[in-house]
Amino acid sequence: MSTEKHSHRALIGFDKNGVPTVIVPADHHAHTHEDEHGHLYTHIHEAEFTADYMQAVNDYRKTFPKAEEVLEKTPDPAVKEMLVRMKELDMPTAFDRFDSQQPQCSFGLSGVCCKICNMGPCKITKKSPKGVCGADADLIVARNLLRSAASGVAQHGIHAREVILSLKWAAEGKLDLPLIGENKIRAVAKQFGIKTEHRQIKNITIDLANILLEDLSRTEPDEYKTITACAPKERQEIWKQLDILPISAYHETFEAYHRTGVGTDGDWKNVMQQFLRCGLTFVFSTVLATSIATDGLFGVGDRVTSKTNMGALKEGYVNIAVHGHLPTLVSQIVKEGQSEEFIKMAKEVGAKGIRFYGICCSGLSAMYRYEGVIPLSNAVTAELVLATGALDLWVADVQDVFPAIMDVARCFKTTVVTTSDSARLPGAEHIAYDHHHSNIGETKAIARKIVTRAIESFAARKGTPVHIPPYEVEAEVGFSLEYVHRHFGSMKPLAEALKSGKILGIVNMVGCNNPKVPYERTIVDVADVLIKNNVLILTNGCASFPLMKLGYCKKGAGALAGVGLHEVLGDDLPPVWHVGECIDNARSSAIFGDLAGVLGEKLCDLPFAFSSPEWGNEKGIDAALGFRLMGLNSYHCVEAPIHGSANVINFLKEETKDLLGSAMIVNVDPKALGEQIVEDFKKQRQALGWD
């Protein structure tokens with residue numbers, strides 16, 4: 001292997017909006033060397049700025065919309081109406097609070113503020129280029145980024161632990177739930193090498209759950225079985241060469257916080273290597289494992305037609321919203337609330353019945369598994385849904401539940417119940433599993449208590465003013481690998497359409513929302529460009545809400561697409577396939593992987609991509625990284641806090657092209673970002689000899 005030294009540094013500049021970009025790549029990208037002892041190591045060239053990054057941050061900050069601009073540009077008329085309503089009621093929204101935070105800290109936006117130890121906080125400036133401990137901008141930006149990634153692993157990891165334990169406890173009889181997804185359990189078990197013939201499903205399930213839990217929490221280094229069983233072999237070899245194969249999700253999260261502590265790891269490159277390890281644990285132990293457990297316990301679900309948007313709220317019913325991520329208790333709440341017993345109780349207090357609505361991923365998980373769960377909103381505008389005054393009970397579990405909902409709930413006398421010991425809200429009632437889950441066997445009783453509380457709340461709230469925007473639409477939801485096979489007969493017709501060019505490429509469009517861009521507008525603008533250029537979109541999580549609400553997921557919407565894509569879709573399939581909640585990135589990956597297998601091509605060579613235009617929380621860093629680890633580019637309209645480090649910018653936007661075959665692309669102009677995806681797909685197709 002080459003051991004020559006190179007001196008050409010990559011030059012980092014900024015576009016007109018202050019977004020970091022690689023102006024001149026280094027002569028040689030990151031590559032592997034062998035040292036004098038025969039050990040392999042990765043060499044990454046240093047980078048330098050061509051301009052003042054603090055000025056770039058100021059330019060970037062100018063692109064942030066004010067609340068008035070959000071009202072003008074947000075595409076959903078129901079959101080517009082409720083924003084006006086909130087203003088009339090003198091109730092601040094996330095967009096108002098974002099305005100009051102301006103100007104946000106330049107050092108924080110640059111990633112060069114370090115609060116890790118109590119010698120700080122330290123900020124990097126020309127006057128003080130190093131923190132008290134000697135950490136420079138590269139190290140501080142890398143450490144902050146790694147800590148965010150580790151936090152994202154922990155957040156989805158808690159979700160994973162909850163659902164995998166539910167799967168195991170259901171098999172053991174500790175939790176009174178049926179294993180609805182028996183076929184899925186058997187198929188995955190075979191993939192993992194678990195014996196399935198002449199064995200009871202409960203024993204197969206326990207073995208599978210134990211493997212998933214072991215990968216989640218292993219302390220002694222050993223084979224990461226989910227990666228071995230599920231990852232493409234060529235990817236596994238790359239990760240092995242880069243020495244980023246993880247030990248377990250728990251271990252790599254521990255290691256991330258240990259490594260970034262004061263006086264521990266002083267090499268930004270080594271910190272970024274741990275960043276990649278965390279990305280792998282996020283993919284395989286917090287997303288894929290969660291998806292396996294959820295489908296095994298509650299079934300894969302199927303394509304169904306669902307109502308969506310705020311107009312689907314109906315007065316006169318006991319209206320219950322489920323908000324968050326965890327499906328176990330939600331499934332029982334919905335089951336009990338749809339029973340004749342509780343419907344009769346609701347009618348006895350004057351209600352027409354009981355209706356369920358979904359906020360964020362609890363609703364997306366339930367909508368295609370339980371008839372009548374209507375998705376309304378992602379996390380950022382949950383307050384607007386509460387401000388309709390139509391909801392009697394708000395059931396909150398974990399993640400993406402903003403504390404601000406309590407202010408609105410109090411104004412409209414909506415009862416809020418928290419159901420996780422990890423997530424409390426001041427002023428909310430707490431009806432939950434305890435910290436040790438010693439009351440898991442009481443799941444049905446807990447669900448019954450919550451539905452009863454909703455009926456009581458309905459009776460107590462009579463006369464509360466209600467304002468429901470008259471906007472609702474139907475959406476086709478519940479797409480999966482299994483559904484695609486069933487619809488087309490196999491994956492071959494879709495693969496042929498991709499190769500022929502009728503489908504230019506496929507994008508997985510996901511992610512939370514961010515007031516740094518006009519709310520939901522960037523998602524819609526990127527989608528418009530893509531589908532008109534014959535790009536099929538898969539979607540899940542918070543980004544899926546505007547696509548559902550504005551008709552991109554309904555029958556007949558194929559007419560919005562280019563000629564080739566429309567021909568493939570016909571009048572039955574929409575141009576945006578809704579695959580579920582945010583952990584259902586695993587479903588999109590399965591569709592990508594199956595297509596690659598049919599086409600006989602590497603996943604990384606195909607015209608596939610990931611886009612989270614409005615990403616905002618820490619899990620968004622990991623979600624994008626997960627697809628880049630598979631060799632797929634990620635595309636965004638919001639920049640990460642990396643302005644202060646030329647080397648980290650270069651690593652994410654240039655060096656990973658050689659390391660992983662992919663990079664992070666950011667453009668605050670959503671239409672331009674969509675065009676970039678289209679052009680990149682055309683180049684990939686040319687390289688494959690398809691065009």
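To the nearest 0.5 Å, the span separating CD on E618 from OG on S151 amounts to 3.5 Å. Separation of atoms CD1 (I374) and CE (M310) is listed at 13.5 Å; rounding is to 0.5 Å. Rounded to the nearest 0.5 angstrom, T281 OG1 and L276 CG are separated by 11.0 Å. With rounding to the nearest 0.5 angstrom, the CD1 atom of I665 is 8.5 Å from the CZ atom of R628. Between the NE2 atom of H636 and the CG atom of N514 there is a distance of 12.5 Å, given to the nearest 0.5 Å. Separation of atoms CD1 (I621) and CH2 (W615) is listed at 4.5 Å; rounding is to 0.5 Å.
Closest heavy-atom contact between G631 and S662: C-CB, 3.5 Å. For the pair Y60 and E639, the tightest heavy-atom approach, listed with the atom from each and the gap, is OH-N, 2.9 Å. The heavy-atom pair separating L550 from P77 by the smallest distance is CD2-CD, 4.2 Å. The minimum heavy-atom distance linking T308 with P375 is given by the pair OG1-O, 2.7 Å. What you find for G13 and I23 is that their closest heavy atoms are CA-CD1, 3.3 Å. The shortest heavy-atom contact between D622 and A149 is OD2-O, 2.9 Å.
Between D400 and N617, some side-chain heavy-atom pair lies under the 4.5 Å cut-off. Two residues are said to be in side-chain contact when any heavy atoms from C-beta on lie closer than 4.5 Å; R685 and L504 meet this criterion. The shortest side-chain heavy-atom distance between T388 and F412 does not fall under the 4.5 Å cut-off. With contacts defined as side-chain heavy-atom distances shorter than 4.5 Å, the pair C361/C582 qualifies. Looking at V526 and I537, their side chains never come closer than 4.5 Å, going by heavy atoms from C-beta outward. Contact of the L146 side chain with the C278 side chain is registered, since non-hydrogen atoms from C-beta on lie closer than 4.5 Å. Between V271 and L145 the shortest side-chain heavy-atom distance does not fall below 4.5 Å. H159 is listed as a side-chain neighbour of L326, based on a closest heavy-atom distance under 4.5 Å.
Side chains of D680 and Q676: a donor-acceptor N/O pair is present below 3.5 angstrom, by distance only. If you check the side chains of R61 and N58, you find a donor sitting under 3.5 Å from an acceptor. For the residue pair T539 and H578, no side-chain donor N or O sits within less than 3.5 Å of a side-chain acceptor on the partner. Remark: the H467 side chain and the E81 side chain contain an N/O donor-acceptor pair separated by less than 3.5 Å. For the residue pair T93/E383, the side-chain donor-acceptor check at 3.5 Å is not satisfied. Residues N319 and Y357 bring a donor and an acceptor atom of their side chains to less than 3.5 Å of each other. For the 3.5 Å distance criterion, the side chains of R587 and S480 fail to qualify, holding no donor opposite an acceptor. For the residue pair R369 / S365, a side-chain donor-acceptor distance below 3.5 Å is found, with atom types taken as modelled. In summary, the side chains of S362 and D397 do present a donor paired with an acceptor at a separation below 3.5 Å, with no hydrogens or angles considered. Between the side chains of R424 and T418, not a single donor N or O lies within less than 3.5 Å of an accepting N or O.
Side-chain atoms of T414 come within 3.5 Å of backbone atoms of L391 as a donor-acceptor pair (strictly under, hydrogens ignored). With hydrogens and angles disregarded, a donor-acceptor distance shorter than 3.5 Å links the side chain of D15 to the backbone of N17. The closest donor-acceptor contact from the side chain of S291 to the backbone of V287 lies at 3.5 Å or more, if one exists at all. Remark: the backbone N or O of A672 is paired with a side-chain donor or acceptor of D669 at under 3.5 angstrom. For K80 (side chain) and E72 (main-chain N/O), a donor-acceptor pair under 3.5 Å exists by modelled atom type. Between the side chain of Q101 and the main chain of R97, no donor-acceptor pair closer than 3.5 Å is present. Using a distance-only test at 3.5 Å, with no hydrogens or angles considered, no donor-acceptor pair links the side chain of S588 to the main chain of L538. Counting only distance, with no hydrogens or angles, the side chain of N534 and the backbone of L565 share a donor-acceptor pair below 3.5 Å. A donor-acceptor contact shorter than 3.5 Å is absent between the side chain of T656 and the backbone of L659. Although no hydrogens or angles enter the test, the distance criterion places no donor-acceptor pair under 3.5 Å between the side chain of D584 and the main chain of N540.
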Test log, rule ring pair (Phe, Tyr, Trp, His ring centres under 6.0 Å), inputs F95 and Y519: CA-CA 9 Å; F95 310 108; Y519 178 65; 5.4 Å; yes
Chi angles and distances behind the side chain to side chain contact (heavy atoms under 4.5 Å, CB included) call for I677, V529: CA-CA 9 Å; I677 296 171; V529 172; over 6 Å; no
Working for side chain to side chain contact (heavy atoms under 4.5 Å, CB included), residues K516 and L109: CA-CA 12 Å; K516 289 178 179 175; L109 286 170; 3.5 Å; yes
Worked check of side chain to side chain contact (heavy atoms under 4.5 Å, CB included) between N633 and F610: CA-CA 6 Å; N633 287 344; F610 171 93; over 6 Å; no
CA sep, side-chain torsions, deciding dist, call: E476, T305, side chain to side chain donor-acceptor pair (under 3.5 Å): CA-CA 5 Å; E476 302 301 302; T305 302; 2.8 Å; yes
Test log, rule side chain to side chain contact (heavy atoms under 4.5 Å, CB included), inputs I523 and E614: CA-CA 7 Å; I523 294 166; E614 299 188 14; 3.8 Å; yes
Verdict with reasoning, E472 to N309, per side chain to side chain donor-acceptor pair (under 3.5 Å): CA-CA 5 Å; E472 66 176 306; N309 216 345; over 6 Å; no
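Annotation: F282 is in aromatic contact with H156 [ring centroid separation under 6.0 Å]. Residues F608 and F681 place their aromatic rings such that the two centres sit no closer than 6.0 Å.
The existence of a salt bridge linking R143 and D138 is excluded, since no basic side-chain nitrogen approaches an acidic carboxylate oxygen closer than 4.0 Å. The pair K66-E69 fails the salt-bridge criterion, with no side-chain N (NZ, NE, NH1 or NH2) lying under 4.0 Å from an Asp/Glu carboxylate O. With respect to the salt-bridge test (charged N to carboxylate O, under 4.0 angstrom), the residues R521 and D525 qualify.
Taking the six-membered ring where the residue is Trp, F49 and F14 present parallel rings, their angle staying beneath 30° rather than reaching 60°. Ring planes of F592 and F627: perpendicular class, angle over 60° (limits at 30 and 60°). Taking the six-membered ring where tryptophan is involved, the planes of H323 and W394 are perpendicular, since the angle between them exceeds 60° and thus also 30°.
Within a 6.0 Å sphere centred on NZ of K87, other residues, nucleotides and ligands contribute 12 heavy atoms or fewer.
Remark: of the listed residues N378, T74, T381, N513, N378 is the sole one forming a side chain to side chain donor-acceptor pair (under 3.5 Å) with E520.
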